[in-house]
Amino acid sequence: MKAGFSTASLCSYIPEVRIGYDRHRELLRMRKVEALRQAMTADLSRVLLDNGVMEVSLPEVIPLFRQAHISSGSIMLSPEERWNELMVIRQGIFRLYYLDSEGRESNKGFFSEGQILAPMARSAIEEPSLFFVEALTNVEVYRCCYAQLAALLRKYSGGNDFFYRLAEGLLEDKIRREVMFLQLDARGRYERFVADFPDLHERVPLRHLASYLGMTDVTLSRIRSMKN
């Protein structure tokens with residue numbers, strides 16, 4: 001056989017070699033899939049345990065999730081749609097926002113790495129959404145059906161602790177924002193946001209951060225310049 005034949009050419013002439021080559025590729029693929037599965041299990045277990053899911057329930061909980069890659073700008077939820085998913089954010093940022101009749105956006109909140117994005121209020125679960133959920137960056141998540149997870153966790157004593165902790169976090173965020181708007185001026189609100197979310201203030205586009213903080217992007221830009 002002539003020297004210089006590629007592996008593909010060699011395999012086309014010798015069936016046994018091709019079978020071995022295909023088996024090797026499949027073995028590598030299976031190893032990669034298993035490595036990704038183990039990484040997903042480790043990531044999910046850490047976040048879920050930190051948020052009150054009991055370790056004994058993890059063997060049943062983890063298989064409910066699947067990994068997903070979401071492109072920046074993708075709309076994950078729109079008004080009038082039902083919110084039926086829970087997402088654990090591995091990487092990236094989501095924003096929640098309202099859109100008024102004149103097309104003006106008002107940012108409701110941001111969710112990033114290690115946080116859980118899910119419908120918590122009864123109205124959010126049972127009624128159509130009033131707001132949008134958008135991927136502000138490219139995002140990697142672990143997602144599952146909210147109703148399936150809730151039904152599974154209710155089988156365990158203390159299974160509701162997970163949802164109580166999520167609700168507590170939502171309430172604390174609302175109280176934090178209420179204090180910001182009632183007691184702080186524009187500069188104070190920005191400084192509080194930087195203190196509370198040091199990993200976000202430079203990653204969220206200025207216009208979206210300004211909207212969340214209740215000021216114009218011009219005002220926020222001036223405040224940043226003064227601090228610098």
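Linking Ile, Leu, Val, Met, Phe, Trp and Tyr residues whenever their side-chain heavy atoms come within less than 4.5 Å places V61 and L86 in a single cluster. Follow the hydrophobic side-chain contacts under 4.5 Å out from V88 and you reach M40 in the same cluster. L44 and F94 end up in different hydrophobic clusters when Ile, Leu, Val, Met, Phe, Trp and Tyr side chains are linked at under 4.5 Å. M87 and L96 fall within the same hydrophobic cluster, where Ile, Leu, Val, Met, Phe, Trp and Tyr residues are linked whenever their side-chain heavy atoms come under 4.5 Å apart, directly or through other members. Hydrophobic clustering (ILVMFWY, side-chain heavy atoms < 4.5 Å, transitive): L77 and L136 are in distinct clusters.
Remark: E102 pairs with R104 by the side chain to side chain donor-acceptor pair (under 3.5 Å) rule, at least two apart or across chains. When the side chain to side chain donor-acceptor pair (under 3.5 Å) test is applied to D173, the partners found at least two apart in sequence or on another chain are R176. Residues satisfying the side chain to side chain donor-acceptor pair (under 3.5 Å) test with S106, not counting sequence neighbours, are none.
The two residues M120 and L170 come nearest to each other via the heavy atoms CB-CD2, 4.0 Å. Nearest heavy-atom pair, P119 versus E85, reported as atom, atom and distance to 0.1 Å: CD-O, 3.3 Å.
Looking only at side-chain heavy atoms (C-beta outward), L49 and E55 come within less than 4.5 Å of each other. For the pair V204/N107, no side-chain contact is recorded, criterion being any heavy-atom separation below 4.5 Å from C-beta on. For the pair L206 and R224, the minimum side-chain heavy-atom distance is below 4.5 Å. Contact check for D43 versus V47: no side-chain heavy atoms found under the 4.5 Å cut-off. Looking at V139 and M76, their side chains never come closer than 4.5 Å, going by heavy atoms from C-beta outward. In this structure, L184 and F193 have side chains that are not in contact, with every pair of non-hydrogen atoms separated by 4.5 Å or more. E105 is listed as a side-chain neighbour of H208, based on a closest heavy-atom distance under 4.5 Å. The closest side-chain heavy-atom distance from I62 to S45 is below 4.5 Å.
Annotation: the span from N138 atom CG to I93 atom CD1 amounts to 11.0 Å, rounded to 0.5 Å. From L166, atom CG reaches atom CG of L171 across 12.5 Å, with rounding to the nearest 0.5 Å. The structure places CZ of R222 at 10.5 Å from CG of D217, a figure rounded to the nearest 0.5 Å. Atom-to-atom distance recorded for Q91:CD and I70:CD1 is 12.0 Å, nearest 0.5 angstrom. Note that NZ of K108 and CG of L130 are 9.0 Å apart. Values are rounded to the nearest 0.5 Å. Residue Q67 holds its CD atom at 6.5 Å from CZ of R90, rounded to the nearest 0.5 Å.
Atom CZ of R192 is surrounded by 12 or fewer heavy atoms from other residues, nucleotides or ligands within 6.0 Å. The environment of R203 atom CZ is dense: over 12 non-hydrogen atoms of other residues, nucleotides or ligands sit within 6.0 angstrom.
Between the R95 side chain and the G109 main chain, no donor and acceptor come within less than 3.5 Å of each other. With hydrogens and angles ignored, the 3.5 Å screen pairs a side-chain donor or acceptor of E113 with a backbone N or O of G92. For S211 (side chain) and R207 (main-chain N/O), no donor-acceptor pair under 3.5 Å exists by modelled atom type.
The list of ring pair (Phe, Tyr, Trp, His ring centres under 6.0 Å) pairs with a residue in residues 95-130, not counting sequence neighbours, reads Y97-F132, Y98-F131, F110-Y212. Each salt bridge (charged side-chain N to carboxylate O under 4.0 Å, His left out) pair with one or both residues in residues 155-172, not counting sequence neighbours, appears once here: E60-K155. Sorted by first and then second residue, the pairs that involve residues 150-178 and meet ring pair (Phe, Tyr, Trp, His ring centres under 6.0 Å), not counting sequence neighbours, are Y146-F163.
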Please determine whether side-chain contact (heavy atoms from CB on, under 4.5 Å) holds for the pair L152 and S57, giving the CA-CA distance in whole Å, both sets of side-chain angles, and the decisive distance to 0.1 Å. CA-CA 9 Å; L152 175 58; S57 69; 6.0 Å; no
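For the residue pair S74 / S71, no side-chain donor-acceptor distance below 3.5 Å is found, with atom types taken as modelled.
The cationic atom of R189 (NZ for Lys, CZ for Arg) lies less than 6.0 Å from the six-membered ring centre of F181 and within 45° of the ring axis.
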